[in-house]
Amino acid sequence: MSYQFDFLALLPYWREFALGVWLTLELSAIATVLGFVFGTLCAIGRSGGSPAVKWAIAAYVEVIRNTPLLVQIFLVYFGIATLGVHLSANFAAVAALVVNVTAYTCEIVRAGIESIHKAQLEAAECLGLSRAQTYWHVILRPAVERVYPALTSQYVLLMLASSITSQISAEELTAVANRIQSDTFRSFETYIVVGVLYILLSMVVRIGFGLFGLLVFVRRRKLGTSL
Amino acid sequence: MSAVVRLSDVHKRFGAVTVLNGVSFEVGRGEVAAVIGQSGSGKSTALRCIDALERIEQGTIEVCGHAVHDPKLDRRALRCDVGIVFQSYNLFPHLTAEQNIMLAPTCVKSLSKADARTLARDVLARVGLAEKADHYPEQLSGGQQQRVAIARSLAMQPKLMLFDEVTSALDPQLTGEVLKVMEDLARGGMTMILVTHEMSFARKVASKIIYMHKGTVWETGPGAIIDAPQTLELRKFVGGEM
Ligand SMILES: Nc1ncnc2c1ncn2[C@@H]1O[C@H](COP(=O)(O)OP(=O)(O)OP(=O)(O)O)[C@@H](O)[C@H]1O
Ligand SMILES: [Mg+2]
């Protein structure tokens with residue numbers, strides 16, 4: 001081992017690393033919020049929709065879960081381009097990530113919905129709650145609380161997987177790293193720095209989810225027990 | 001006197017099994033009817049039909065002026081007039097006792113949060129749990145959970161309360177506190193139908209006993225019929241119970 005590490009060579013690039021980190025966070029945050037909303041809607045459709053709706057959502061979920069993310073990204077990016085609409089790389093990246101994470105969210109939230117006992121729905125019905133009110137107050141809140149750890153892992157994974165969008169040159173952290181290493185010829189150092197940054201990002205995302213969970217799940221915060 | 005509940009010739013099948021085979025009875029305003037009978041005789045099913053949780057194949061059910069057998073029934077309106085409590089309390093686990101109670105008045109009757117909270121405190125006091133408003137279901141005993149479930153129904157100010165073996169999951173000590181709440185309700189003039197295995201309670205509180213056997217009302221009358229049954233089946237049933 002005679003390799004001479006030279007991290008100082010990367011110092012002039014700190015701004016670009018920072019911008020990369022910021023864009024990674026931004027892409028993942030948008031994809032997380034949209035993915036959660038659409039995924040939850042899909043889960044509702046899949047557990048309580050008409051047969052056609054159920055079938056369509058199931059098909060979508062299976063397609064997404066059985067194709068590589070990179071292929072999905074290319075399909076969104078080039079597919080939409082052939083329709084004559086030009087998307088920025090960042091926009092296409094977010095769109096592809098949303099399409100992807102919506103399917104996984106759908107499955108996770110559906111598991112939560114199915115864990116709610118039928119007697120709970122009957123209790124809500126007997127109190128006169130409408131279907132929408134029952135979904136909102138009696139089904140979704142406890143369902144999401146139950147699967148919150150799984151959702152957290154999924155969204156951490158999403159943040160890490162966003163590195164693949166560097167392939168369509170969305171300017172997130174990995175794309176930045178690719179450029180810096182070709183400028184400096186310091187590949188090993190560059191990817192060590194990037195690896196450490198991703199670990200820090202993961203910690204930030206996990207802590208963020210933890211705090212948000214404490215804010216939203218009041219019973220859990222007070223009693224410390226799971227539902 | 002107009003009946004609050006009137007069943008006539010009600011038939012209910014599950015697949016090939018006929019569970020209710022021509023059930024007819026009436027319950028008048030302020031009356032407390034106790035439905036008794038062997039396991040599987042159709043007591044719960046009859047109660048569920050009254051609250052439109054099951055669709056019947058034949059016959060008519062009228063409850064507080066609602067034609068429950070009518071496919072065009074306004075279920076929401078029916079549920080505003082009828083409260084039902086089950087053996088498994090079915091409280092919402094992520095909500096406090098107070099929030100459990102506030103949910104329906106705010107959602108269904110559009111009460112303000114403040115009014116709903118006042119109402120919740122009020123019904124909790126009626127079931128003797130004023131100090132438990134901020135407790136979650138898992139922090140309450142079975143008897144307390146069942147009383148919260150009763151309070152939750154009462155908050156909708158129903159004209160009729162249905163109880164399906166509400167004390168069956170409780171040990172004798174906790175059973176007592178729930179029965180006391182129901183007795184207070186009966187004394188307050190609430191119209192009630194209760195399915196129960198507590199014979200002494202039925203005799204004490206009920207103004208009418210409905211003995212169901214094989215999906216029909218086999219024998220009915222005042223509480224005294226428990227002491228002097230007319231039919232062999234009821235005699236056997238009461239004998240076996242005590
Ligand atoms: N959803 C259902 N599907 C099929 N069969 C059912 C259903 N609900 C009830 N039954 C059947 O109907 C019959 C009467 O049931 P029901 O629950 O009304 O009896 P019950 O008198 O309340 O008995 P218990 O005292 O045990 O509660 C039983 O044989 C039961 O198996
Ligand atoms: Mg029963």
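Chain naming here is simple, since letters A, B, ... match the order of the sequence lines and numbering starts at 1 in each.
Here the CG-CD distance, from B:D51 to A:E122, works out to 9.0 Å after rounding to the nearest 0.5 Å. Once rounded to the nearest 0.5 Å, the distance linking CG of B:N90 with CG of A:L121 reads 10.0 Å. In this structure, the separation between OG1 on B:T96 and CZ on A:R219 is 12.0 Å, given to the nearest 0.5 Å. The CZ atom of B:R152 lies 9.0 Å from the SG atom of A:C126; values are rounded to the nearest 0.5 Å.
The most heavy-atom pairs under 4.5 Å with chain B, out of A:A124, A:P142, A:A123, come from A:P142. No other option in B:R75, B:K109, B:E138 has as many heavy-atom pairs under 4.5 Å with chain A as B:E138. Your options are B:I84, B:L53, B:L95, B:L78, and the one with the most heavy-atom pairs under 4.5 Å with chain A is B:L53.
With hydrogens and angles disregarded, a donor-acceptor distance shorter than 3.5 Å links the side chain of B:R76 to the backbone of A:G128. In this structure, B:H94 contributes its side chain and A:F217 its backbone to no donor-acceptor pair below 3.5 Å.
Dense packing is recorded around CZ of A:R221, with more than 12 heavy atoms of other residues, nucleotides or ligands lying under 6.0 Å away. Around the NZ atom of A:K54, the shell of radius 6.0 Å holds more than 12 heavy atoms that belong to other residues, nucleotides or ligands. No more than 12 heavy-atom neighbours from other residues, nucleotides or ligands sit within 6.0 angstrom of CZ on B:R126.
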*Take B:F92 and A:H137 through the test side chain to side chain contact (heavy atoms under 4.5 Å, CB included) and record every step on the way to the result.*
CA-CA 9 Å; B:F92 305 126; A:H137 293 287; over 6 Å; no
*Stepwise, does the side chain to side chain contact (heavy atoms under 4.5 Å, CB included) test hold for A:L127 with B:V108?*
CA-CA 8 Å; A:L127 288 168; B:V108 183; 5.8 Å; no
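Partner B:P93 forms a side-chain contact (heavy atoms from CB on, under 4.5 Å) with one of A:L227, A:I116, A:T225 and no other, that one being A:L227.
With a threshold of 4.5 angstrom between heavy atoms, B:C107 approaches chain A through its backbone and through its side chain. For chain A, no part of B:V85 is nearby; none of its heavy atoms comes within less than 4.5 Å. Heavy-atom distances place the side chain of B:F86, and not its backbone, under 4.5 Å from chain A.
Across all their heavy atoms, A:Q120 and B:L91 have their closest contact at NE2-O, 2.8 Å.
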